[in-house]
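Have a look at the structure below, then the notes.
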Amino acid sequence: MFAEVVPEPGGRFDAVLTYVIPEALRQRAAVGAQALVPLGKRLVPGFIVGLLDSPPEGVEQLKQIVDIPAGGLVLPRSIVALARWIAEHYICTLCQALRLALPSGATARIKRLVRLGEGAAAQRAAEERPEYGGLLDALSTGEEASLQTLTRRFPQIDVMTALDWLRARKAVKVREEITRAVTRARLDPLLEAALPVAEMRAEATRFARRSASQARVLIAAARAKRPVRASALAKRARSTRAAVAALLKRGLLRVRQEPAPQARKRRPFMFTLHEGAALREINQAVDQAEPRVFLLSGPPGSAPEQVWISAVEHAVSRGKQAIVLVPEISLAGPRLAHSADLREPWPGRRFGTGVALLHSGLPEGQRRQQWQRIESGEANVVIGARSAIFAPCPRIGLIVVDGEHDDSYKQEDAPRVNARDVAVERGRIEGCPVVLSSSAPSLESQHSAQQARYRALSLPARPGWQGPAVTVVDTRGSSPGTTCSAKLVLAVKRALDGGGRALLLMPRKGFSTALLCADCGQAAKCPNCDVCLTYHLAGRKLMCHHCGLSQPAPDSCPACGGTRLLLRGVGTQRVEEHIRRACPAARVLRLDADVGGKRQVVGKANVIISTGLVEATREISKVTLVGVISADTWLNRPDFRAAEVTFRFLMQAAARAAQAGRKGHLVIQTYQPDHYAIRAAAAGDCAAFYEVELAARREHAYPPFSAMAGLVVSARAQQRAEQVAKALAETIRAEERITLLGPIPAPLAKLKGRYRSQMLVLADDHEHLLRALRSATAGMPRNLGGVSVQVDVDPLSLV
DNA sequence: GATACATTTCGG
DNA sequence: CGAAATGTATCA
């Protein structure tokens, strides 16, 4: 038997090599298992991605697999297949793709152990290289030291090269050992005192002599009114887990049974005819195991969550598992604290003990525990952010991507996969339906639905639902210093008078600046790309992020001849001041990204100024007015998605304004009141927006009418980066059916001491795009003088 | 990514 | 001229 193995010496290595499986390891050899293999002179961990009966031709001597760690993680076959697709689609190594699917820290590692070699040789080495003296001294006891500890102890020397040099002279010996990365799922049981309070105290005084640390734990346990986690108890007593464990062993503490989160009995949800029909269609696909993709669009006032929650319940009732992906922000919110605390419509409580919750904050042990629960089938429903798409479900029957348009599904670092697209592919591989749900779907998904690749399930607003009143305030002609129009101030006053709250949305800081005309509201756009130009203070230039066009900033508006040109819509600092002055009743709170810490303060405020839509919580309830200070900030992003982002943002703002139940109010201040994104959002008309936006995308051949990739070439020397980028651009331009924009200095041209040059590749479709990129990058010398090329297929942001 | 081996560079 | 620095191919 032979195994195809992807060795993993760090990730960049890209090859599938064949090894002999020794008799003793046959049992454990499986596709998806981790194996330790010799590579050159080293021993490296790797993944088995295929099993063969006969050896490949043209290889003289095959090496043997050294070990397959028992109890190591084994990726399901389907995940290995998924990784192959990812490597193809995102142009990364199979190894990188496989690593995405593993919980962090689960890979086997090689530990290097160093000990002193021949004494005479060491002596000579120390004389020749006095800087290595300390290192040799440290080894002089004759004991082994790991590479890791040496690196930590001698940060001033390059331990790797030192050891090489020393080993060549027999001054040290290096041995390799496998550290099985079988991090135990660390248990953190709920504990309580085993004896009444008085007796516990008595025990504590007895312990005071022998172990002060354990005595403190006893006192803490006696004081605790309800069961405490072992880790929390240790912390409270300023003691250690070991002390807690010792007392548990002695029977002075005992484990309290975990309260099983009970699936809450829910009121039957009354589906409308539309919703019921949508649900039936999804359920049918679940039953037939059809790999269909549903685009469930539920504008404000409809109930898409209820539909997919029911579909998940249906899948579970048929003995299948379901994966539910949610945007990062939904997990980060206060809802996450304990899965048992989850409120409706969050589905956590619905499924009781059957839920496995995955998120980035999970400690390694717990992640591992969840992995096991999913793998064994104990967990029926997996809920998590993007990485949950790799959950090792053996009986998957349904995948849901909630908020499918959300940017957080895209991985920020390489390989830059989009979990939503990975979900669709996983559905295809597994033969299970995928539900993409969104209040305002991405143009890509919308287009796929129109092309009948996806099944569109559009839910209408529920009967009785009332959208907010929308006021679009034209800020053209207002004096440049004004932040809040009279209409907005009036709306705030009204909201407060009515006992409601106002949520004012400010542009996030650090957005690039567009140049716009205060009279006609037009922002300067690139004639080639139809994208807003960014203003660069240095040299007073306007630049295009797409094609690199650079022109001097005009003194007057090219559209209307007006001379009042603004760099920003409004000043960002003055809103708070303005509101305070204008409405004495206002208790203003400026809210930054993290809400968690100061709930009390939040509860008291009645005007909240924030950069993003704050989720409704107990503290921030009754928001009856949402005010968008300057919609132009979103509209003028130097990005072909600017209109889409604006439209979605305003739709969500509208939904937020209507959430409080009674009639809400949305005020949008803008220099471009006639822009289609603003008009459509104000009217709550998705169809109108998609029609205009899709036409615009088609006209400029932007996605979804083309496939796009962003390339960033970086190097230590600016010249080098530019030179390689130019050469690469030439090769790609020569490919068929390709438009290449750039290369231009990347918006953050110098980052971490490296110069970056960026270009944008547009192709008719993914096939042509990938072909061009692959042949161009394959022709490139792999690692030319520290120049690196990063590829971002289907980029979301071009900055 | 690491390593062995080939090539160029640089001080003497 | 030889050691050191840099480049390049290969890993089964």
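Chain letters run A, B, ... following the sequence lines, proteins first and then strands; every chain starts at 1. Everything numeric in this text was worked out from a predicted model, so none of it was measured.
Scanning for salt bridge (Lys or Arg N to Asp or Glu O under 4.0 Å) contacts around A:D764 gives A:R737, with sequence neighbours left out. Not counting sequence neighbours, the partners of A:R771 by the side chain to side chain contact (heavy atoms under 4.5 Å, CB included) test are A:E767, A:H768.
Between the CG atom of A:D14 and the P atom of C:dT10 there is a distance of 16 Å, given to the nearest Å. Computed from coordinates, the A:K63 NZ to C:dA12 P distance equals 4 Å when rounded to whole Å. Look at CD1 on A:I48: it is 14 Å from C1' on C:dA12, rounded to the nearest Å. Counting to the nearest Å, the P atom of C:dA12 and the CD atom of A:E4 are 15 Å from each other. One interatomic measurement links the two molecules: CD of A:E8 to C1' of B:dA2, which rounds to 14 Å at whole-angstrom precision. Counting to the nearest Å, the C1' atom of C:dC11 and the CG atom of A:L17 are 6 Å from each other. The CZ atom of A:R99 sits 10 Å away from the P atom of B:dG1 (whole-angstrom rounding). Summarising the geometry, the separation between CG on A:L94 and P on C:dC11 is reported as 19 Å, rounded to the nearest angstrom.
At the heavy-atom level, A:Q61 lies under 4.0 Å from the strands shown only through sugar-phosphate atoms.
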Just the table, please: protein N/O against nucleotides 3-9 of chain B N/O, every pair under 3.5 Å.
none

Scan the side chains in residues 77-92 of chain A for donor-acceptor partners under 3.5 Å anywhere in the protein, sequence neighbours excluded, and list what turns up.
from: A:S78; atom 1: OG; to: A:E430; atom 2: OE2; distance (Å): 2.7
from: A:R84; atom 1: NH2; to: A:V49; atom 2: O; distance (Å): 3.2
from: A:H89; atom 1: NE2; to: A:D794; atom 2: OD2; distance (Å): 3.1
from: A:Y90; atom 1: OH; to: A:N418; atom 2: N; distance (Å): 3.1

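The salt bridge (Lys or Arg N to Asp or Glu O under 4.0 Å) pairs that include a residue from residues 30-53 of chain A number zero, where partners must be two or more places apart or lie in different chains. Judged as a salt bridge (Lys or Arg N to Asp or Glu O under 4.0 Å), the pairs with a partner in residues 408-419 of chain A (not counting sequence neighbours) are, in order, A:K410-A:D792, A:R416-A:D792.
Taking the six-membered ring for Trp and the full ring otherwise, the centers of A:H546 and A:Y702 sit less than 6.0 Å from each other.
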